[in-house]
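In this chain, residues are counted from 1 in sequence order.
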Amino acid sequence: MNFNNKIFLILFLWIIPLNNVFASSNLYVECPTGSGVGTTVDCELFISSDIEISAVRTKLSVSNNLEFIEFKTDSSWQGNGDNGDIALYTYPNQIGQIKLGIISIKINDNTNNQTGTMYFNDVYFYKADFSSLSGNSLSKNIKILSNNNNLA
């Protein structure tokens, strides 16, 4: 690489900030460590983003041994999560670690299973200019405690 090409490359990298090239947003869930059959588990839904986000959309489904009860938005978000179709928007735009709301899941069965699973598909984040970013699908296991209390 000759001297002129090196100078051009240095100027190009200085003019175009790299932090905008590698922008990312991710969905994540925090749940209690384990619950028994017949109980309701409240899991917190978050995003982590290094760019300003104005809206989020995803489709939540659950394994056969779980039942989706409801989604309650955090106070800074508008929208709903009816039937697991979570569609939220906010103003002002948000950046960083952001709580979206609480998902309530009922544990119905533990036959031949040690876990139930929540699936988040069709994940989209909308930037401040309303353009969309496709997010990664996510699955979250919920440990189901045994209801066998026999000492034998």
Side-chain angles (χ1 to χ4, degrees), residues 1 5-110 113-145:
M1 181 179 279
N5 288 345
K6 287 180 185 178
I7 296 296
F8 174 76
L9 181 61
I10 291 169
L11 288 174
F12 179 77
L13 291 175
W14 180 69
I15 293 170
I16 309 265
L18 290 177
N19 61 345
N20 289 336
V21 175
F22 299 109
S24 69
S25 298
N26 297 298
L27 196 65
Y28 68 97
V29 182
E30 293 181 0
C31 296
T33 55
S35 295
V37 173
T39 62
T40 299
V41 176
D42 288 335
C43 299
E44 296 178 312
L45 182 62
F46 295 90
I47 59 173
S48 174
S49 180
D50 59 3
I51 59 171
E52 287 189 354
I53 298 294
S54 62
V56 178
R57 189 180 86 209
T58 187
K59 173 64 176 156
L60 167 66
S61 59
V62 296
S63 57
N64 291 336
N65 55 349
L66 301 179
E67 177 185 349
F68 172 77
I69 301 297
E70 69 178 337
F71 176 78
K72 294 180 191 172
T73 62
D74 190 62
S75 61
S76 63
W77 290 86
Q78 303 294 316
N80 64 55
D82 294 344
N83 301 313
D85 292 322
I86 298 172
L88 307 173
Y89 62 93
T90 188
Y91 184 82
N93 299 325
Q94 304 279 320
I95 190 169
Q97 307 294 324
I98 308 156
K99 182 177 176 181
L100 298 176
I102 296 176
I103 302 165
S104 296
I105 302 290
K106 183 176 179 186
I107 299 173
N108 288 330
D109 188 21
N110 193 18
N113 290 312
Q114 297 299 317
T115 61
T117 306
M118 292 188 292
Y119 305 95
F120 298 86
N121 293 304
D122 302 326
V123 178
Y124 292 94
F125 302 99
Y126 296 88
K127 300 187 288 187
D129 66 359
F130 302 108
S131 62
S132 67
L133 290 171
S134 180
N136 293 332
S137 296
L138 170 72
S139 62
K140 176 68 175 178
N141 290 332
I142 298 174
K143 182 176 180 176
I144 302 174
L145 303 176

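A donor-acceptor pair under 3.5 Å is formed between the side chain of T90 and the backbone N or O of S76. Here the side chain of S54 pairs a donor or acceptor atom with the backbone of Y126 at under 3.5 angstrom. Judged by distance alone, with hydrogens and angles left aside, the side-chain atoms of N83 form no donor-acceptor pair with the main-chain N or O of D85 at under 3.5 Å. At least one donor-acceptor pair closer than 3.5 Å links the side chain of N65 to the backbone N or O of T115.
Heavy atoms only, all atoms of each residue included: Y89 and G79 are closest at CE2-N, 4.1 Å. Between T117 and L66, the shortest heavy-atom distance links the atoms N-CD1, 3.4 Å. The heavy-atom pair separating Y119 from S63 by the smallest distance is CE1-N, 4.1 Å. Among all heavy-atom pairs drawn from L133 and S25, the shortest one is CD1-OG, 4.3 Å. Closest of all the heavy-atom pairs between F68 and V62 is N-CG2, 4.0 Å.
Enclosure of atom CG in N136 is not indicated, since only 12 or fewer non-hydrogen atoms of other residues, nucleotides or ligands lie within 6.0 angstrom. The environment of NZ in K106 is sparse: at most 12 heavy-atom neighbours from other residues, nucleotides or ligands sit within 6.0 Å. The number of heavy atoms from other shown groups lying within 6.0 Å of CG (D42) is above 12.
The distance from the NZ atom of K99 to the OG atom of S75 is 9.0 Å, given to the nearest 0.5 Å. The line from CG of L145 to CD of Q114 is 9.0 Å long, rounded to the nearest 0.5 Å. Taking OG of S35 as the reference point, atom CD1 of I144 lies at 9.0 Å (rounded to 0.5 Å). Interatomic distance, CD1 of I98 versus CG of L27, reported as 11.0 Å (0.5 Å rounding). If you take NZ on K127 and OG on S49, they are separated by 10.0 Å, rounding to the nearest 0.5 Å. Annotation: the span from D122 atom CG to K59 atom NZ amounts to 9.0 Å, rounded to 0.5 Å.
When side chains are defined from C-beta on, T58 does not count as touching Y124, because their heavy atoms never get closer than 4.5 Å. A heavy-atom distance below 4.5 Å is not found between the side chains of F71 and L60. With contacts defined as side-chain heavy-atom distances shorter than 4.5 Å, the pair F46/E30 qualifies. The closest side-chain heavy-atom distance from I51 to F125 is not below 4.5 Å. Using a 4.5 Å heavy-atom cutoff, the side chains of D74 and L100 are not in contact.
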Discussion item. Test side chain to side chain contact (heavy atoms under 4.5 Å, CB included) on C43 and M118; report intermediate values, then the result.
Written reply: CA-CA 10 Å; C43 299; M118 292 188 292; 3.9 Å; yes

Practice prompt. Any chance you could lay out the side chain to side chain contact (heavy atoms under 4.5 Å, CB included) test for F120 and L45, step after step, and finish with the verdict?
Written response: CA-CA 11 Å; F120 298 86; L45 182 62; 4.0 Å; yes

Discussion item. Evaluate I107 against V41 for side chain to side chain contact (heavy atoms under 4.5 Å, CB included), listing each step before the verdict.
Written reply: CA-CA 8 Å; I107 299 173; V41 176; 3.6 Å; yes

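Screening N93, L88, I47 for a side-chain contact (heavy atoms from CB on, under 4.5 Å) involving I53 leaves a single residue, I47.
For the 3.5 Å distance criterion, the side chains of N121 and S137 qualify, holding a donor opposite an acceptor.
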